[in-house]
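Here is the structure we will look at, set down as structure tokens.
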Number of protein chains: 4
Amino acid sequence: MRHTGNRHGRSEAARQAVLEAADDLLAERGFVGVTIEGIAARANVAKQTIYRWWPSKVDILLEAFADDMDEHLFPPDLGNIGDDLRDHLHRLALFLTESDPGEVFRALAGQAQHDPVLANRLRSDHLNRQRERDRVPLQRAVDRGELPADLDIDLALDQLVGPIYYRVLVTGEPVPREFTDHLVRQFLRD
Amino acid sequence: MRHTGNRHGRSEAARQAVLEAADDLLAERGFVGVTIEGIAARANVAKQTIYRWWPSKVDILLEAFADDMDEHLFPPDLGNIGDDLRDHLHRLALFLTESDPGEVFRALAGQAQHDPVLANRLRSDHLNRQRERDRVPLQRAVDRGELPADLDIDLALDQLVGPIYYRVLVTGEPVPREFTDHLVRQFLRD
Amino acid sequence: MRHTGNRHGRSEAARQAVLEAADDLLAERGFVGVTIEGIAARANVAKQTIYRWWPSKVDILLEAFADDMDEHLFPPDLGNIGDDLRDHLHRLALFLTESDPGEVFRALAGQAQHDPVLANRLRSDHLNRQRERDRVPLQRAVDRGELPADLDIDLALDQLVGPIYYRVLVTGEPVPREFTDHLVRQFLRD
Amino acid sequence: MRHTGNRHGRSEAARQAVLEAADDLLAERGFVGVTIEGIAARANVAKQTIYRWWPSKVDILLEAFADDMDEHLFPPDLGNIGDDLRDHLHRLALFLTESDPGEVFRALAGQAQHDPVLANRLRSDHLNRQRERDRVPLQRAVDRGELPADLDIDLALDQLVGPIYYRVLVTGEPVPREFTDHLVRQFLRD
DNA sequence: CATTAAGCGAGACGGTACGTCTAGTCTTATG
DNA sequence: CATAAGACTAGACGTACCGTCTCGCTTAATG
């Protein structure tokens with residue numbers, strides 16, 4: 001870090017360096033390998049600078065993770081519910097299993113099992129947003145008349161995405177396109 | 001521990017004390033509050049005794065957790081697939097959300113996101129066994145002719161239990177009987 | 001500090017506030033409790049303002065200490081060597097053991113054991129001046145003919161004030177008037 | 001450190017390494033250069049091992065300093081008070097100005113100005129012992145009849161050793177044999 | 001009379017060392 | 001020979017100050 005502070009407040013360069021270092025360490029050494037000291041050393045940042053802005057390492061990872069989900073995963077309108085759902089679930093599966101932020105998510109979801117505060121933040125900050133995106137294709141289908149107006153969308157979502165998260169977080173099995181397509185087929189009773 | 005070593009081999013008293021201390025600490029302070037030093041202190045056991053018999057604290061929790069899943073959750077035969085599934089899924093939900101071993105499971109599942117070795121052990125030692133039990137009602141239904149002989153049972157299981165684990169591990173929502181019943185209804189297309 | 005800078009040069013108010021804050025902190029928390037950050041906070045002054053004018057905290061204390069020794073301890077002429085010395089040594093002892101600047105001196109003398117640069121400054125700026133004052137009564141006595149003309153005044157001074165500093169800095173014993181009077185008596189071989 | 005702990009208690013090797021490292025650092029970098037981390041690194045010892053046995057770095061230096069004063073400075077009996085005193089004061093001056101433990105003493109005496117607890121320990125543990133040794137030649141002279149039986153030995157000591165400490169701690173001037181001899185001559189009124 | 005430049009409060013920055021905690025290893029005496 | 005005890009190395013934790021560095025404000029001399 002060349003920069004040193006000023007009255008405008010924090011150094012964006014330091015912030016970026018910390019987030020990248022945290023991401024890198026997570027990828028290279030896993031969650032337990034992410035330490036404040038390690039981040040500070042890799043980012044060439046003082047520990048105090050980290051403690052000044054983030055309460056803990058999970059907050060760093062949360063922030064690193066924050067925008068990625070928004071970038072990804074906004075469901076496009078392909079014209080019919082079948083294509084919409086197949087596309088969306090497939091891309092959700094890819095996100096969770098293949099992408100870098102997906103890896104961060106899995107780590108955070110794991111840590112959330114030990115840390116109710118993190119669990120709440122993760123849900124309110126990210127999962128709910130994702131949930132809203134997930135609703136879009138179904139709501140669109142209801143509007144189109146493809147699905148009944150009294151559909152319980154939340155229940156439907158649990159059935160559609162639940163098995164995907166289950167494979168990702170519990171069984172560790174891959175989530176190929178055939179699997180997500182099958183989920184859609186069952187849901188639409190084709 | 002009153003006992004100090006003997007020639008007869010390992011001290012069962014020490015083993016029990018360690019497992020109980022680990023369970024207690026998990027309940028009282030959560031996963032991060034479970035430390036080898038804390039277990040040793042609470043169990044009045046030397047650290048070395050712990051290291052001699054368990055490679056890590058998750059192994060202690062795994063052992064503490066081991067038999068509980070077997071005790072629970074063996075699906076009874078109620079005569080028809082609907083009742084069998086409704087009963088089984090409801091009891092699975094109760095196990096995961098309400099029971100003490102369910103809490104241990106959630107902690108281990110969380111830790112497994114950080115620790116591939118634990119993930120493998122958890123799957124091979126416990127999830128596969130559970131998976132076998134989960135198959136029972138479906139296999140029985142196939143045998144009875146209630147379900148088609150070419151049913152992909154694994155796929156069906158993912159759809160049936162996936163949403164339950166999803167709520168438990170991801171959204172944190174409760175898993176009431178209505179929810180599990182609904183899953184069964186959708187699956188059987190009643 | 002109400003004042004904010006101007007082109008006329010440094011703020012006397014800030015200077016005073018810093019010196020007072022340093023003195024206060026030394027009295028309240030001792031030398032180790034004197035920190036630049038603490039002085040800045042107590043004086044409502046920016047750290048940079050301190051670093052602009054003083055190289056280190058000992059320089060602040062040196063400046064705070066500077067004039068006090070001059071105020072005190074100029075030896076009066078009481079007409080004869082005995083009275084002159086008794087008065088002077090007694091007041092030196094009081095200064096070192098009882099006064100506020102005496103406390104600062106002890107702290108600086110202590111720190112000088114760790115810091116040769118400070119030791120030199122302390123000697124050249126203050127001790128030598130004090131030494132000159134200490135010589136006055138003896139020189140006066142030589143001029144009066146009370147003491148031999150070839151008296152080694154520096155040697156005499158070491159014998160007269162050395163035991164006082166020794167009690168102050170080493171043994172911590174009190175330095176009552178009887179003690180200083182005794183030193184004079186021995187010196188004059190009464 | 002090759003050694004690791006055992007039930008017998010602390011590692012003597014670690015203790016020695018710590019004391020030596022502290023001495024070396026004091027000699028090389030001065031008192032402020034003596035840090036717990038630095039000692040630990042140089043001694044190849046874990047910080048925790050240091051904190052287990054010493055409350056602070058001055059305690060380490062005190063212990064390092066402890067026996068040296070005993071080794072040195074026991075006043076021999078040369079048969080008469082003049083020789084006894086001249087020899088003893090000269091060796092005291094050498095100890096304070098030239099020896100390694102003398103350097104440690106100066107650092108501790110300096111720090112004692114900031115730390116009343118250290119001051120007390122230094123006095124009760126070491127200075128009093130030294131004081132006892134210093135009394136020996138005078139007491140011997142009284143016994144021999146060379147000095148009056150009602151001599152106030154403590155007062156005499158302050159006059160004899162005070163100027164030496166004064167030069168060492170305050171003025172920084174050298175303490176040559178002529179100086180100590182002169183002190184003796186004055187004291188004995190030769 | 002607008003510009004300029006110095007001193008100021010504020011505070012973020014990269015660092016160093018602090019003292020604490022837990023991990024995991026090792027050695028010994030006890031039963 | 002397993003145990004309790006506990007000292008050991010290692011290294012991350014979160015805190016306190018260090019000394020450096022902008023920054024925006026205020027003020028008075030300058031042009």
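All heavy atoms count here, side chains included; hydrogens, waters and symmetry mates do not. Every chain is numbered from 1 and lettered A, B, ... according to where its sequence line falls, protein lines coming before strand lines.
- Annotation: ring pair (Phe, Tyr, Trp, His ring centres under 6.0 Å) contacts involving residues 25-62 of chain D, sequence neighbours excluded, comprise C:His114-D:Phe31.
- When rounded to the nearest whole Å, the span between CZ of B:Arg15 and C1' of F:dT3 equals 17 Å.
- Between the P atom of E:dA23 and the CG atom of B:Asp59 lies a distance of 14 Å, rounded to the nearest Å.
- Counting only distance, with no hydrogens or angles, the side chain of D:Gln111 and the backbone of D:Leu118 share no donor-acceptor pair below 3.5 Å.
- Partners of C:Glu20 according to the salt bridge (charged side-chain N to carboxylate O under 4.0 Å, His left out) rule, which considers only residues two or more places apart in sequence or in another chain, do not exist here.
- Listed in residue order, the members of residues 33-41 of chain B having a heavy atom less than 4.0 Å from DNA chain E are B:Thr35, B:Ile36, B:Glu37.
- Considering only residues two or more places apart in sequence or on other chains, B:Ser56 meets the side-chain hydrogen bond (donor to acceptor under 3.5 Å, both in side chains) condition with B:Asp59.
- The CD atom of A:Glu12 sits 18 Å away from the P atom of F:dT22 (whole-angstrom rounding).
- Applying the salt bridge (charged side-chain N to carboxylate O under 4.0 Å, His left out) criterion to A:Arg123, with sequence neighbours excluded, gives no partner residue.
- Considering only residues two or more places apart in sequence or on other chains, D:Arg42 meets the salt bridge (charged side-chain N to carboxylate O under 4.0 Å, His left out) condition with D:Asp24, D:Glu28.
- The stretch residues 48-58 of chain A touches DNA chain F through A:Gln48, A:Tyr51, each having a heavy atom within less than 4.0 Å of the strand.
- The separation between D:Phe31 atom CZ and E:dA17 atom P is 14 Å, rounded to whole Å.
- Residues forming a salt bridge (charged side-chain N to carboxylate O under 4.0 Å, His left out) with C:Lys57 (at least two apart in sequence, or on another chain): none.
- In terms of the side-chain hydrogen bond (donor to acceptor under 3.5 Å, both in side chains) criterion, residue partners of A:Asp125 (sequence neighbours excluded) are, by chain and number, A:Arg121.
- Side-chain N/O atoms of C:Lys47 and base N/O atoms of F:dG19 include a donor-acceptor pair closer than 3.5 Å.
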